[in-house]
Amino acid sequence: MTSHASTQIRLVPHFRSLQVLRSQRLTPNMQRIVVGGEALQGFDSRAADDHVKLFFPNSEGTFVLPELTEHGPRYPQGLPPSPARDYTPRHYDAQAGELVLDFVLHGDGAASRWATNAQPGDELVVAGPRGSHLIADDFDCYVLIGDETALPAIARRLEELPDDAVAEVFIEIPEEGDRQPLHSDAQVTVSWFERNGFDASSSTLLEDALVDFEQPDGDTHYWIATESSRARMMRKFIEGHLQVPKEWIRATGYWKADQDAAG
């Protein structure tokens, strides 16, 4: 069995006050926001599934940010804190000074409201990433499994794969209109699954596909990002029933049922 060495890189997070440059509706349930500004200089994101913390204006329309301490973030007392959510840096263009963020539009959460109404010039504070997990590049195949909240990370991952890589991709989305063009130089097979009104937290479309999935030959890395309990159960299935070493599985809960989703 080959030892595939993944790497964990620690980064120092910085708070960056940025401005909206452009806003675009990609699909019925996905909004793309491009932000920029002088504070973006030095931004560093090395892995496709990195996360930044986005801070939105509070109920008074101002930004109240935490101080990062050894005991965790601490907010000033007596002031309503800025709502914060985790999102994937979809694309960073250092030369153009632009950071692309894709927002799933769901419910009436702080992030969805902000993304729906964002206009050029609106302010957004971005912190992070705190680090990057670089998956070994010598697996025979990469299996990517996720719902719409994972789509930005999956799309970025496919773009960054080398042309000799092989990937199997399973993506669950709200409806057919939420399919996006996915670009890659690698050998990629993509399967889309539409919920069509069915609840995302109790859907089993990805799980059913995984049960029927015929494992590729050679060593395969599995990457999963969905609702927290679903990601956990799929990890257990892959490790237990498919007999995949746990080091070859990266499963993350991008959101929890009844809470705002990360992106």
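Just the heavy atoms: all of them, side chains too, but no hydrogens, waters or symmetry mates, feed the values below.
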Item to complete: Would you please test R46 and D44 for side-chain contact (heavy atoms from CB on, under 4.5 Å) and show each step?
Response: CA-CA 6 Å; R46 308 186 193 183; D44 191 3; 2.8 Å; yes

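- Side chains of S229 and E227: a donor-acceptor N/O pair is present below 3.5 angstrom, by distance only.
- Using modelled atom types, no side-chain atom of D163 and backbone atom of A186 make a donor-acceptor pair closer than 3.5 Å.
- For S82 (side chain) and V64 (main-chain N/O), a donor-acceptor pair under 3.5 Å exists by modelled atom type.
- Residues F43 and L65 fall into different hydrophobic clusters, defined by Ile, Leu, Val, Met, Phe, Trp and Tyr side chains chained together at heavy-atom separations under 4.5 Å.
- V34 and F55 fall into different hydrophobic clusters, where Ile, Leu, Val, Met, Phe, Trp and Tyr are joined by side-chain heavy atoms under 4.5 Å apart, directly or via other members.
- Just one of M234, R250, R232 meets the side chain to side chain contact (heavy atoms under 4.5 Å, CB included) condition when paired with I224; it is M234.
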Practice prompt. Would you please test L54 and L101 for side-chain contact (heavy atoms from CB on, under 4.5 Å) and show each step?
Written response: CA-CA 10 Å; L54 304 185; L101 302 163; 4.0 Å; yes

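- Between T116 and S112, the closest heavy-atom pair is OG1-O, 2.7 Å.
- Ion pairing of D49 with R157 is absent here, as no side-chain N (NZ or NE/NH1/NH2) approaches a carboxylate O to less than 4.0 Å.
- Checking side-chain atoms of S132 against main-chain N and O of L134 turns up no donor-acceptor pair under 3.5 Å.
- Below 30°, between 30° and 60°, or above 60°: for H4 and W248 the angle between ring planes is above 60°, a perpendicular geometry.
- For residues 114-126, no residue pair satisfies the salt bridge (charged side-chain N to carboxylate O under 4.0 Å, His left out) rule, not counting sequence neighbours.
- Remark: side-chain polar atoms of S6 are paired, donor with acceptor, to backbone N or O of A136 under 3.5 angstrom.
- Between E239 and V244, every side-chain heavy-atom pair lies at or beyond the 4.5 Å cut-off.
- When atom types are taken as modelled, the side chain of N58 and the backbone of T62 share a donor-acceptor pair closer than 3.5 angstrom.
- For the pair H133/I135, a side-chain contact is recorded, criterion being any heavy-atom separation below 4.5 Å from C-beta on.
- Expressed to the nearest 0.5 Å, how far CD1 of I33 lies from CG of L124 amounts to 9.0 Å.
- Minimum heavy-atom separation, Y254 to A150: CE2-CA, 3.8 Å.
- We find the CE-NE2 distance between M30 and H106 to be 10.0 Å, quoted to the nearest 0.5 Å.
- No continuous path of ILVMFWY side-chain contacts below 4.5 Å connects V166 to L210, so the two sit in separate hydrophobic clusters.
- In this structure, the side chains of V52 and D86 stay at 4.5 Å or more apart for every pair of heavy atoms.
- For CZ of R235, the number of neighbouring non-hydrogen atoms (other residues, nucleotides, ligands) closer than 6.0 Å is greater than 12.
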Worksheet item: Going through the distances and angles, do V35 and E98 end up as a side-chain contact (heavy atoms from CB on, under 4.5 Å)?
Response: CA-CA 6 Å; V35 297; E98 296 182 348; over 6 Å; no

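- With respect to E175 and R195, no salt bridge is recorded, no charged nitrogen being found less than 4.0 Å from a carboxylate O.
- A donor-acceptor pair is defined here as one N or O able to donate and one able to accept, closer than 3.5 Å; no such pair exists between the side chain of S228 and the backbone of G253.
- Heavy-atom neighbours of E38 CD from other residues, nucleotides or ligands within 6.0 Å: at or below the threshold of 12.
- The list of salt bridge (charged side-chain N to carboxylate O under 4.0 Å, His left out) pairs with a residue in residues 197-207, not counting sequence neighbours, reads E207-R230.
- Put simply, the side chain of S203 gets close to the backbone of L205: a donor and an acceptor are under 3.5 Å apart.
- Among residues at least two apart or in separate chains, there is no salt bridge (charged side-chain N to carboxylate O under 4.0 Å, His left out) pair with a member in residues 56-76.
- Among all heavy-atom pairs drawn from D102 and P152, the shortest one is CB-CG, 3.8 Å.
- Aromatic ring pairs are classed by plane angle as parallel below 30°, tilted from 30° to 60° and perpendicular above 60°; the pair F56 and W114 is tilted.
- Residues P28 and D178 are in side-chain contact: their nearest non-hydrogen atoms beyond the backbone lie under 4.5 Å apart.
- Judged by distance alone, the side chain of T226 and the main-chain N or O of G146 form no donor-acceptor pair under 3.5 Å.
- By the criterion of side-chain heavy atoms lying less than 4.5 angstrom apart, applied directly or through intervening Ile, Leu, Val, Met, Phe, Trp or Tyr residues, W192 is grouped together with V143 in one hydrophobic cluster.
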Worksheet item: Taking it one step at a time, do L68 and R130 satisfy side-chain contact (heavy atoms from CB on, under 4.5 Å)?
Response: CA-CA 12 Å; L68 300 181; R130 287 181 173 272; 3.8 Å; yes

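- Here M233 contributes atom CE and T204 contributes atom OG1; the two are 12.0 Å apart, rounded to the nearest 0.5 Å.
- Here F193 contributes atom CZ and I145 contributes atom CD1; the two are 9.5 Å apart, rounded to the nearest 0.5 Å.
- Remark: of the listed residues E172, E148, E194, E194 is the sole one forming a salt bridge (charged side-chain N to carboxylate O under 4.0 Å, His left out) with R179.
- A pairwise comparison of heavy atoms in P83 and P57 identifies CD-O, 3.6 Å as the closest pair.
- Looking at heavy atoms from C-beta onward, F170 lies in side-chain contact with S191 at the 4.5 angstrom threshold.
- Across D147 and L206, no two heavy atoms sit closer than the pair N-CD1, 4.2 Å.
- How far OG1 of T149 is from OH of Y87: 9.0 Å, rounded to the nearest 0.5 Å.
- Residues forming a side chain to side chain donor-acceptor pair (under 3.5 Å) with E159 (at least two apart in sequence, or on another chain): R90.
- Within the 4.5 Å cutoff, side-chain heavy atoms of D108 are placed close to those of R113.
- To the nearest 0.5 angstrom, D93 atom CG is 10.5 Å from L99 atom CG.
- Remark: N117 CG is packed, more than 12 non-hydrogen atoms of other residues, nucleotides or ligands lying under 6.0 Å away.
- Side-chain atoms of V169 and I154, non-hydrogen and from C-beta on, do get closer than 4.5 Å to each other.
- Summarising the geometry of A115 relative to L105, their closest heavy-atom pair is CB-CD2, 4.2 Å, with the distance given to 0.1 Å.
- Legend: ring-ring contact (aromatic ring centres under 6.0 Å, His included) pairs involving residues 215-241, not counting sequence neighbours, sorted by first then second residue: F139-H221, F237-H241.
- At least one donor-acceptor pair closer than 3.5 Å links the side chain of D50 to the backbone N or O of A47.
- Taking Q31 as the reference, S23, R25 meet the side chain to side chain donor-acceptor pair (under 3.5 Å) condition, with sequence neighbours excluded.
- The cluster map of Ile, Leu, Val, Met, Phe, Trp and Tyr, joined by side-chain heavy atoms under 4.5 Å apart, puts V100 and L21 in the same cluster.
- The backbone N or O of Q41 sits less than 3.5 Å from a side-chain atom of R16, completing a donor-acceptor pair.
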